[in-house]
Every structure is written in C-alpha cells, then in structure tokens.
Amino acid sequence: MPTRLGVCNLCEAICGLELTIERGVVTTIRGNPEDPLSRGYICPKGVSLGDVHADPDRLRSPVRRIGTGADAEWVEIGWDEALDLVADGLARAVNEHGRDAVGVYLGNPNAHSLGSATHGIAMVKMLRTRNRFSASSVDQIPHQLVAWQLYGHQLLLPIPDLDRTSYFLVFGANPMASNGSLMTVPDFPNRLRALNARGGRMVVVDPRRTETAKVADEHLFVRPGSDAVVVLAMVRTLFEEGLTRPAPYVDRVERVRELVDPFTPEVAEQVSGIAADDVRRLTRELAAADGGAAYGRIGVSTTGFGSLAQWGIQCLNILAGNFDQPGGVLFTEPAIDFVARRFVGTGHYDLYRSRVRNIPEYAGELPAAVMSEEIETSGPGQIKAMLTIAGNPVLSTPDGKRLGDAFDGLDFMAAIDIYLNETTRHADVILPPTTALERDHYDIVFHGLAVRNTARWTPAPLPKPAGALHDWEIYRELALRFQRRLVDRPRLRTRLKQRARLTPSPRRIIAGLLRTNGVVSFKDLLRHPEGVDLGPLRPTMPERLQTSDHRIDLAPDIVVADLPRLQAWVDDRLRDSPDGLVLIGRRHKQDNNAWFHNIERVNRGRPRHQLLMHPDDLAERGIADGDQVTVTSRVGAVTVDVQATDDMMRGVVSLPHGYGHQVDGVRLARASKLPGVSINDLTDPDLLDLSGNAALSGVPVTVTPA
Ligand SMILES: Nc1nc2c(c(=O)[nH]1)N[C@H]1C(S)=C(S)[C@@H](COP(=O)(O)OP(=O)(O)OC[C@H]3O[C@@H](n4cnc5c(=O)[nH]c(N)nc54)[C@H](O)[C@@H]3O)O[C@H]1N2
Ligand SMILES: Nc1nc2c(c(=O)[nH]1)N[C@H]1C(S)=C(S)[C@@H](COP(=O)(O)OP(=O)(O)OC[C@H]3O[C@@H](n4cnc5c(=O)[nH]c(N)nc54)[C@H](O)[C@@H]3O)O[C@H]1N2
Ligand code: SF4
Ligand SMILES: [Mo]
C-alpha cells in the first residue's frame, strides 16, 4: 500500500504522520515513529485529518452569496471572478473611506500554514490598515508583550525543558487535552511518564481538576483571574527566603523586590483560595529543584491580569535560577530563526489606539474585543469592509453574537476559509484554499517553540486538485489585484519590492532561508522527510537576547505600570469577597477550537458540551445534574445542559469554547447536529488585560434553572 509522510498542522504539537493513500483517498493515518520530535505520537484529531480532505461539506471552489440570512443561497463561481470581486470590494472601501476602512481578522490556522507565514503577512501589510485583528488577542498577547519587554523580541519565549526538568509547575494549561501551547510537546503523556520515572514532579494550578491535574503529583484549585497575585507572592517568597539567584545580565532585581512586597502569601490566599503555606512551599520546591520550570498558559493569559501573571512567571524562573538552564526554561535554536531574522517585528505598544474605545495597539494589532464597535460606529476610520482569514471570530471572540450582527452591516465582507460557518456565512464571497494535506509544510513557528530542536520539510502528501489554489497563491493574487484598484497606490519602487516578495513559492523561500542559516540544508531535509534532530535545548544567554544592551530589565515600565490596577483589584476583593459564580473555558482532546465539529470520527461518544458545575453550587440553586440552565453574563444569556462534577472549584463553572453551531436556524454543514452553545456569547469585550488581550476567563455569570 502506498504510504506518504505528512504532518498534522491542527495544533502546536506538529506531529509527524504516515498516511496510507489509495487512489487519491487517505485510508489510514498513523503517527510516524521515525519523527525525532513526535516519535510516533498521534491524537484522535490527527487520525481524522483525511476526513477533512474528504469532507463533502468542505468548500472546493469559491462561492458567492445571493440573498441574506436564512434565505441566502451560495453560488459557485470561478477563481478569476471571485478574486476580482474581493479585490473590488476591499479596494472600493479604501478608495471611498480611507485605508482603515478595511478590517482583517487572522484566525488560528494561519499559525499552522507555511503560506500564511511566507505570503499572508505580506498581503496583510499591503492592506495598510490599522484595523488588524487576530486570534492572538484572545490568546497569547500577554506572553508576547512580556517577552518583548524582557528579552527584546515578542517571540523569544523561554520553553520548559520538559524532557529534563525535575519540577514542572503549570498554571492554567491542560496539555493532556491541548498537547501543549507555546511549548510544542507532542506525546505529552509519555514525556510526563518519563518525568515521573526520573523522580520528577508536576504540580498543576487550575480552577478545574483537569485531565492534566488528574495525572499530576499535586493539583491546587485557584480562583480564576487571581494567578498574578499567587505568582507575585511566590516571587516575594523567593526574596524573603533568600532563594534568588539571578544571572549577572539581569537588571533591576531590587526594584522587583519592592514592587512585589505588597503581595504576601496571605493576600494571595485570600484572593486565590491557595493556602499561604502552599504558596511558600511551591516556591521552595521550585527553587530547590535541580532543573525546575514554571509555565503558564492560556488560563492565565486570558485573564484581566494576564501580562502581570506572565511577567511574574518569568521573574520566578529567572530569580529561582531556572532560566537558561537545562531542565529549566530555555530558548530554542531553530534552523530558521524567526526571531533573529525578524520574520515578525520585535514588538511595540501604544503607537496608536483604537478609534472608539481608545485601546492601545499591540504590535500593529488592535484587540479582537474592539472589532464589533469599530464596525458599528460610524465616522472616519470605520470598518466598511472585512476580510477574515482562517478564523471563526463569531464563535471565538468575546460577544461573538454581536460581531455576527455587525458583519451584516458591512458594505462588503470576504473570507478565506474552507467551510461555510458562523462567520463566513456573513461574507459576500468565500475563497477556499487547498487543505493541509495538499500543501508543502515547514513549521517556521512551532519548531521555534518546541521542547527539542528539530527541523522537517514535508512535501504535500496529496496532489493539488486541478483548478484549486494554495492559500499563498490566493494571498498573492488578492494583494496584487487589490493594489491595482487603489487610487492612492504606494510608489513604484515599493510596489516592485512587494511583488518580488510575493513571487517565489514557500518552498523556494524555505530553501533560501535554510541556505543562509547554515544549520541544516534543504537537501538534508529532503533526504530525511521524517525530520532532522538538532538536539536538546541549550543555554544561549546572554548572546541570544534581542535587547539592545543584551541585558534583561526585570522591571519593565509598561508591565509594572499595571501593578496599581492589580492592587486595586486585590483591595476590592479583600473588602468584600465576591461570592458570585465565574465562568471559565475548557478544551477537549477531540475538539479543535471552533471547527472540526462536523468530523464524525471525533464527535461520536458521550456529549461534552455541558456546563460543568460543582454539586454544592447546583444544590444551592435547586438545580439537578442534567437539568437545563440559563447562564447569564453582562452581555448575554445561553441555555445549556448542566453536569454536576466536583472536578470544578466551588464558585466556578466551565463551558468549552468553539461550540454553538446552530445560528439563527441556519444549518451549517453537519456541525449543526452537535449540541452546545457558544461560551463567547457570554464573554465580555469590556474585560481586557493591559495588553488588550481578552479576559475570557473569570467572567461573572449567574446560573438559574431554564
Ligand atoms: N472563551 C474562549 N474563547 C476562545 C478561547 C478560549 O479558550 N475560550 N481560545 C481562543 C484561542 S486560544 C484561539 S487560537 C481562538 C481560535 O479561534 P479562531 O481564530 O476563530 O480559529 P478557529 O476556531 O481555529 O477557526 C478556524 C477557521 O479556519 C478555517 N480553516 C481550517 N483550516 C483552514 C485552512 O487550512 N485554511 C483556511 N483558510 N481556513 C482554514 C475553519 O473552517 C475555521 O473557520 O479562539 C479563542 N477563543
Ligand atoms: N484538543 C485541542 N487542543 C488544542 C486546541 C483545541 O481547541 N483542542 N487549541 C489549541 C490552541 S489554539 C491553544 S491556544 C492551546 C491552549 O492550550 P492550553 O493553555 O493548555 O489550553 P486549555 O486546555 O484551554 O487550558 C487552559 C486551562 O486553564 C484553566 N484556567 C481557566 N482560568 C484559569 C485561571 O484563571 N487560572 C488558572 N490557573 N487556570 C485557569 C482551565 O481550566 C484550563 O484547564 O491549545 C491548542 N491545542
Ligand atoms: S496532537 Fe493531535 S492535533 Fe495536535 S499535531 Fe498531534 S495529531 Fe495533530
Ligand atoms: Mo490559540
């Protein structure tokens, strides 16, 4: 049976695959045991990748919408007509209302497509709009802002050395379900087993006893949104107990000591529910470990104090002597160094602000949480036309329902997407690119965030169908056609440079980048399609720092300026401890953000859409397990089944994100069979971190019988 090697691009674990292909159809997918990073691991979603390719509901040619709402009809059109329509719609908005009249949202799969890295970024730049949004601001902007401030580049992120650590302290992440994030770690379950086998420990801090918490040595419940205080109390404990061991290239350590002084373990206990003694003990354990790593992920970055929490976690690792140490946290040395090469800029903050609410930009992006108001509010700079690329923000961003309504008020909307869904159904035209198995892949992003240095070039395992376009070809065509229609075009020299950047294929770009980097050649990668091992993470400090003086300022002004707001939040809670319920999200192994719910292989089995709630919280409200409840927040209400479980902390309820596929009675592919509601019809666009990241976690709600 013919087999081909492939790669799964669904999540950050980037597992290597072995596909059996019969007459153009993928019949089985296995993990590739020869892959030096994923070592044969695969999860249920990876097994189903062929189902996306074969899915009859997937769009295979451009479609144009005729009519609106439930009466809308979708008509297939040719590529030339479709690209012209989109270029016309976007250019008209700019010509009539100025460049900010086009809004663009980049969804999560962009991070997993080589074409989006090599050509998508360039196309978006050519739109020259300030109304740029992406999934980053409902995800990891706090990490990026802190990395930029401490290390000089927003993507220079220290990665836990999971294969050698002896103490792994996890805040707000569930790698048993998510397979790791900002820590590419395929085969997390086995790597964890190895950690245990060498006598190491994993401690999980989470408001839910998650799949990861259940296999941890210890789990501590934490009140959502309070991690910043816990982490700063740990930093304070390091000082108090004389456990700090900062490297010589770290500045302003004394300033940090002063700043964290108000955040005692006792204060942390009161706001978080974690006992002061535990705060002290965890600190000692982390500091005493021979290679310890503190790690915080989306559960802490999507809170009102995500940046302070991420800063605190960096301080913990740096001060406890775990930074740049084997077994601690280290920077990667990817074969294509996107940091040193400035594939994306170093980072910037508050160069301009959003028009309606005056929220600072971060790195050229405005928060997704301001998208609706920028579409709805008339005046100069209003978004009149929108382009979404591989995103479903109606389900993924706060108050998504309102965003869907806002989309209907646009003059024009286009989507580059492989499905008709809650977001793309508002578009006038949808442009579907080839899918992951039909395109070449090199992971510029996630090799650079992985627990081991590896490199891998994967030629497309399936051929490009006749008449199809790769995403990078769509970006190129769209960019050029758009620009041709502009009244106010850039100078010829700029245009020629842009065109030159869009011309070569991703394959040629990767070959070129590898040649100049000299770590591993493109030829080597062609000879080893399973991937090339470049070894474990190594100390690189201080040379690797991207700060101008090659030093770390541990108390960056932008970040510490948010401490008074945290103090006020703490004071509030110390005055009257809130007894209301708060809502958090969750991920399941079988879910993939806001899509994949029509892939039957992963959606058989028990329903998993329920609101999870502690039995005592239910009893208090006279609600029984399995009842229907109405969950209400400031922005909306949803009705959903409830499931009693003492895996939830008291006072905290949980819904998965990416559900709620039945919109206004419109049947969206087969996904509409899946029950559930959208958590983001409850999340509040007013709740933001300093960085503009949405505080999706810890949203105040009430729960009543439906
Ligand atoms: N409440 C709450 N909300 C959250 C989260 C949470 O934890 N809680 N998580 C947030 C996070 S971390 C993220 S990253 C976002 C993700 O949210 P989004 O950025 O909206 O991304 P997805 O939900 O993955 O949607 C992917 C879209 O891309 C399309 N697609 C899939 N593959 C391709 C492809 O190859 N090319 C193209 N062009 N399109 C493709 C799919 O059809 C789908 O429409 O959600 C965020 N929203
Ligand atoms: N199976 C699957 N895997 C995925 C995805 C998916 O949709 N499905 N999405 C991918 C994406 S886009 C991302 S960004 C990553 C995210 O990867 P992870 O960060 O591992 O994501 P989650 O599983 O949502 O874990 C977040 C955890 O934070 C907890 N939490 C919520 N609020 C708080 C809080 O205030 N404090 C603390 N300490 N914990 C809190 C939640 O209970 C949850 O267990 O996963 C990726 N992998
Ligand atoms: S863990 Fe699963 S979804 Fe993630 S890359 Fe591996 S196979 Fe794909
Ligand atoms: Mo994400």
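Counting convention: from 1, in listed order, for ligands and their atoms alike. Note that the numbering runs from 1 along the sequence shown for the chain.
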Would you say [Y] and [X] are linked by a side-chain donor-acceptor pair, where the criterion is simply a distance under 3.5 Å?
| X | Y | result |
| --- | --- | --- |
| D689 | S307 | yes |
| S137 | N693 | no |
| S301 | Q140 | no |
| H143 | R297 | yes |
| D55 | H53 | no |

Any N/O of [X] closer than 3.5 Å to an N/O of ligand 2?
| X | result |
| --- | --- |
| N174 | yes |
| K589 | yes |
| F171 | no |

Please work out whether the ring planes of H588 and Y659 are parallel, tilted or perpendicular, with thresholds of 30° and 60°.
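Aromatic pair H588/Y659 classed perpendicular.
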Contact check, [X] vs ligand 2, heavy-atom distance below 4.0 Å:
| X | result |
| --- | --- |
| T210 | yes |
| H588 | yes |
| P207 | yes |

Which atoms of ligand 2 are found less than 4.0 Å from any heavy atom of [X]?
| X | value |
| --- | --- |
| D227 | 34 (C), 35 (O), 36 (N), 37 (C), 38 (N) |
| T303 | 35 (O) |
| K45 | 1 (N), 2 (C), 3 (N), 8 (N) |
| P224 | 34 (C), 35 (O) |
| V222 | 36 (N), 37 (C), 38 (N) |

Holding to salt bridge (Lys or Arg N to Asp or Glu O under 4.0 Å), I want the full list of residues that pass it with [X], two or more places apart in sequence or in another chain.
| X | value |
| --- | --- |
| E438 | none |
| R209 | D646, D647 |
| R587 | none |

Check whether E473 reaches the backbone of H470 with its side chain - one donor and one acceptor, N or O, closer than 3.5 Å.
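A pair under 3.5 Å: yes.
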D206 side chain to F171 backbone, donor-acceptor under 3.5 Å:
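Not confirmed, D206 side chain does not pair with F171 backbone.
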Under a 4.0 Å heavy-atom cut-off, what residues line ligand 1?
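Y105, G107, N108, P109, A135, V138, D139, I298, A390, G391, N392, P393, S396, I416, D417, I418, Y419, N421, P433, R439, R587, N593, A594, W595, H657, I679, N680, L696.
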